[in-house]
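This report concerns only the one structure given below.
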Amino acid sequence: MSTKKIALVTGANKGIGFETVRQLAAKGVTVLLGARDEKRGTEAAEQLKKEGLDVQFLQLDVNNEASQDSAAKFIAEKFGRLDILVNNAGVALDSQVSASQGTLEQWRSTFETNVFSLVSLTQKLLPLVRKSGAGRIVNLSSILGSLTLNSDPNSPIGGWASVTTAYDASKAALNMFTIHLANELKSSSIKVNAAHPGWVKTEMGGQEAPLEIEDGAKTSVELALLANDGPTGGHFHMGQPIPW
Ligand code: NAP
């Protein structure tokens with residue numbers, strides 16, 4: 001059995017996920033690049049393999065239970081464990097939609113990907129993470145999921161009326177899952193944390209975002225490679241805690 005760490009990053013054919021795969025693999029981790037589209041996923045993995053990195057494409061539509069099951073089966077049969085799970089796949093479907101205007105369809109689709117699928121996939125993969133000597137689960141959250149900062153008119157995001165209400169709520173829900181799972185696993189060697197990557201130049205973040213993708217992946221990578229005395233049950237950006 002391989003002594004290298006095994007990681008899965010979901011939604012990794014582009015953006016922060018893709019760069020997270022690159023940086024983890026550059027640190028000697030065998031990384032499964034999860035993507036729902038076979039062509040986009042294969043091309044992304046090939047690009048990183050050409051850089052000499054130990055990366056494999058794994059078909060995974062996080063919203064599809066059969067796809068989750070076959071990904072879990074593949075990892076179980078090929079590696080027998082999972083050391084790092086980065087729940088990165090996410091959608092933002094209600095940009096500039098106020099709380100009074102968001103449609104239930106936007107809310108349901110947002111929660112489906114950002115919350116329900118993440119919970120389901122994590123539960124399915126947890127037996128494999130338990131087989132790691134030092135499992136790490138990283139959930140891609142956002143400062144926009146912070147109740148504290150949204151409700152503080154003096155914070156950088158406080159008092160915004162017309163933003164991404166369903167998206168923000170989905171990240172707040174994901175934060176709660178993070179806290180409870182971390183509490184449940186406290187006596188184990190597994191650490192569960194939420195990551196705020198920053199406002200990053202990706203398809204989701206847009207070109208006006210201040211952070212380059214290389215920096216946007218740093219928080220996920222840091223939390224994925226936490227030492228045994230590192231934190232669990234927190235929300236971080238570049239090593240600094242973000243209020244819930
Ligand atoms: P992005 O460029 O839009 O990439 C999102 C990734 O998620 C894509 O690979 C997409 O795949 C994948 N995805 C969506 N639904 C999926 C599904 N059902 N199954 C599998 N993959 C799926 O976004 P990003 O900026 O890199 O964001 C990554 C994470 O960081 C998200 O969770 C986001 O909420 C969070 N975040 C981003 C920012 C920012 O400023 N960019 C800030 C805070 C938090 P396709 O290419 O197939 O659509």
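The figures that follow rest on heavy atoms only: side chains count, while hydrogens, waters and symmetry mates do not. We count ligands from 1, going down the list as the structure has it; atoms in each ligand are counted the same way. Predicted model only: the values in this text are computed from it and were never measured.
- Heavy-atom proximity to Trp199, at under 4.0 Å, picks out these atoms of ligand 1: 40 (O).
- Per-residue contacts place Glu203 under 4.0 angstrom from the following atoms of ligand 1 (heavy atoms of the residue considered): 2 (O).
- Ile16 N, 2.8 Å is the protein heavy atom nearest to atom 26 (O) of ligand 1.
- Compare Ser170, Ser117, Pro197, Ala89 by their heavy atoms: the one nearest to atom 13 (N) of ligand 1 is in Ala89.
- Between Glu65 and Lys124 a salt bridge is recorded (basic side-chain N to carboxylate O distance below 4.0 Å).
- Residue Asn63 approaches ligand 1 through these ligand atoms, each under 4.0 Å from one of its heavy atoms: 18 (N).
- Distances shorter than 4.0 angstrom occur between a heavy atom of Leu60 and an atom of ligand 1.
- Taking all heavy atoms of Ser109, Gly198, Pro210, Ser141 into account, the minimum distance to atom 44 (C) of ligand 1 is reached by Ser141.
- Of the protein's non-hydrogen atoms, Val62 N, 3.0 Å is the one closest to atom 19 (N) of ligand 1.
- Among protein heavy atoms, atom 34 (O) of ligand 1 sits closest to Tyr167 OH, 2.6 Å.
- Proximity of Phe18 to ligand 1 is not established, as no heavy-atom distance is less than 4.0 Å.
- Shortest contact from atom 25 (O) of ligand 1 to any protein heavy atom: Thr202 OG1, 2.5 Å.
- Nearest to atom 7 (O) of ligand 1 by heavy atom, out of Ser142, Gly90, Gly145, Gly34, is Gly90.
- At most 12 non-hydrogen atoms from other residues, nucleotides or ligands lie less than 6.0 angstrom from CD of Glu203.
- The distance from ligand 1 to the heavy atoms of Lys171 drops below 4.0 Å at these ligand atoms: 32 (O), 33 (C), 34 (O).
- In this structure, the protein non-hydrogen atom closest to atom 4 (O) of ligand 1 is Lys14 CE, 3.7 Å.
- Between Val200 and ligand 1, at least one pair of N/O atoms sits closer than 3.5 Å.
- In terms of protein heavy atoms, atom 6 (C) of ligand 1 is closest to Gly11 O, 3.5 Å.
- Residue-level proximity to ligand 1 for Lys201 is absent, since no heavy atom of it falls below 4.0 angstrom.
- Summary of contacts: the protein heavy atom closest to atom 9 (O) of ligand 1 is Asn13 OD1, 2.8 Å.
- Less than 4.0 angstrom separates some heavy atom of Gly15 from each of these atoms of ligand 1: 2 (O), 26 (O).
- Within ligand 1, the atoms closer than 4.0 Å to a non-hydrogen atom of Gly205 are 40 (O), 41 (N), numbered from 1 in the order shown.
- Hydrophobic clustering (side-chain heavy atoms under 4.5 Å, transitive across Ile, Leu, Val, Met, Phe, Trp, Tyr) groups Leu225 together with Leu48.
- Protein heavy atom in closest approach to atom 48 (O) of ligand 1: Arg36 NH2, 2.8 Å.
- Listed by number with element, the atoms of ligand 1 under 4.0 angstrom from any heavy atom of Arg40 are 45 (P), 46 (O), 47 (O).
- Ring planes of Phe116 and Phe111: tilted class, angle from 30 to 60°.
- By the 4.0 Å heavy-atom criterion, Asp37 is excluded from the residues contacting ligand 1.
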